[in-house]
Amino acid sequence: MPDGYLQIFIFLAIAIAFPTVTILAAKLIRPSAPSITKLEAYECGIKAASDSRGRYTVRFYIIAILFVIFDVETIFLFPFAVRYKTLGWFGVAEIVVFLAILIVGYVWAWKKGALEWV
Amino acid sequence: MEFIVISLVKAAIVAAVLMTTLAYLQWVERKVIAHIQLRMGPSRVGPHGLLQPLADVIKLITKEDLIPPHVNKFFYLLAPFLAVTMALLSISVIPFGSEVELFGYKTWMQMTDLNVGVLFVLAVSSMGVYGIALAGWASNNKYALLGGLRSSAQMISYELPMSLAIAAPLLLANTLSLREIVQSQGDHLFAWSIFKLPAPQLISFVIFLIAGFAETNRVPFDLPEAENELVAGFHTEYSSMKFAAFFMAEYANMVTVSCMTSILFLGGWQPLFPVSLGSNFVAPALFALGGSLCLYHGLHPARRKDRYTLPVFAAIFFGIALALLAPPVARVVMPLFWFAAKAGFLLFCFIWVRGTLPRFRYDQLMGFAWKFLFPVAVLNLLVTSLLVAVF
């Protein structure tokens, strides 16, 4: 295993144990008196007309698709930023070309109305 | 063996400090918001309401925990775990201070320094969105579903400007290790990457902070739980400790964002001005000032009991101030003091903004991320890369 990850697993164990222990401890103390009214879906006191598994227009769903593209592109910028000083002017040319392609795609998506309330 | 013991001790200390911070952050928030709105805030439980966090924990533990029959039980139970675990986990790579020698052991005030630290924090904190999206969907409640959907859209949108804003200071630091990022910045204000020539990162700093507010679902971006339209958003159907887990995850994310901002832009544990100009005297001076105030009010008491309690606090403050003047103590505590001061100020900003700004409308919020922050972040990255290359 690479160096330095053991501590992460130790902390992960603490981070998992903490909610587990508190939720289980609460189970021993808290009262439990469910009733039909309490167990209804909360809709401000009105009886729920239907459950939420119906059809529903998800706004901005195109943004979720755009996000995948742009996020992968930004992740490419990280290794590039780390090696920037060694790459020199070649690196500068590369980042300008890379970001230019990104911007062209971005402007196209904007003009197509992908960033609007659809 | 020794290594494992040190790691366990560090993990225990970090976890204990983090839990206390999270509990009291909520007290600080209520108190600050109250004073912004000309109220007193919590004041009944203990002096100045200082035992309020304890009372809240007892209340939350003893509350009935309803699991409605219409939920998708596995994901309903998984969501709070996911949210709080991922929120706590990203603290494990944060460097709180420089290298110290304690009881003969040389160690860093950091649990572990990964060579991909920045990516680790980004990856782990973006796992948090699953907690919220799953909670919204699994609750099978219309308000919760809307809150979860909004939250996912918002968090993925603001992640782009955030990672672009991180990339710009990385051009200066040329490393992904959080410790080396701090080391690449100097020990005064104009050597921090926010003001460092040739490419001051002021714009990235602002973008990162705004995106941080959005990622943690805080005002003015708290749409997932906009209470006047969505009741409580994604955690409408959660009660008792499961609700507390979401609450805690939000505060832990706030702490992470504040720590990351101070590491990337504000020089981490580096002081505001060099030690040679006396930056080691700032903390003792603050404590001495606090001690003097306590002493003054103890001598001119507003209430009868102040005559006895405040001089005790004054003595404690003066004692701490004197202890901080000792060089071995100063070497250990000063980096921690500067880091805590920066992160604490940013946390105060989170609360301050909550007391000041109204909430965005949903389409304004998305438009702001995609049509303003994203192009500005790209331009800032281009300008930074050119400035770094030319000079």
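By convention in this document, chain letters (A, B, ...) are assigned in the order of the sequence lines, proteins followed by strands, and residues within each chain are numbered from 1.
For chain A, the nearby parts of B:Val378 are the backbone and the side chain; heavy atoms of each come within less than 4.5 Å. Contacts of A:Ile16 with chain B are made by both backbone and side-chain atoms, with heavy-atom separations under 4.5 Å. Interface remark: B:Met19 contributes side-chain atoms only to the contact with chain A (heavy atom separation under 4.5 Å). Contact of B:Leu176 with chain A is made through backbone and side chain together, with heavy-atom distances under 4.5 Å. Only the side chain of A:Ile103 comes within contact range of chain B, with at least one heavy atom under 4.5 Å from a heavy atom of that chain. Heavy-atom distances place both the backbone and the side chain of A:Thr20 under 4.5 Å from chain B. Contact annotation for A:Leu102: only side-chain heavy atoms (C-beta onward) come within less than 4.5 Å of a heavy atom of chain B. The parts of B:Glu64 that come within reach of chain A are both its backbone and its side chain, each placing non-hydrogen atoms under 4.5 angstrom from that chain. At a 4.5 Å heavy-atom cutoff, the contact between A:Tyr106 and chain B is made by side-chain atoms alone. Interface remark: B:Leu60 contributes no atoms to any contact with chain A (heavy atom separation under 4.5 Å).
Nearest approach of A:Phe67 to B:Leu160, heavy atoms of both residues: CD1-CG, 4.2 Å. Listed here is the closest heavy atom pair of B:Asn174 and A:Ala81: OD1-O, 2.9 Å. Closest approach of B:Leu172 and A:Lys85 over heavy atoms only: O-NZ, 3.2 Å. Shown here for B:Ala389 and A:Tyr84, the closest heavy-atom pair between the two residues is CB-OH, 3.6 Å. Nearest heavy atoms, A:Arg30 versus B:Ile61: CB-O, 3.6 Å.
Other residues, nucleotides and ligands contribute only 12 or fewer heavy atoms inside 6.0 Å of the CZ atom of A:Phe76. Atom NZ of B:Lys59 has 12 or fewer neighbouring heavy atoms from other residues, nucleotides or ligands inside a 6.0 Å radius.
Between chain B and the options A:Ile14, A:Val92, A:Thr22, A:Ile8, heavy-atom pairs under 4.5 Å are most frequent for A:Ile8.
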Does the side chain to side chain contact (heavy atoms under 4.5 Å, CB included) test come out yes or no for A:Phe70 and B:Ile156, once each step is laid out? CA-CA 11 Å; A:Phe70 284 114; B:Ile156 61 173; over 6 Å; no
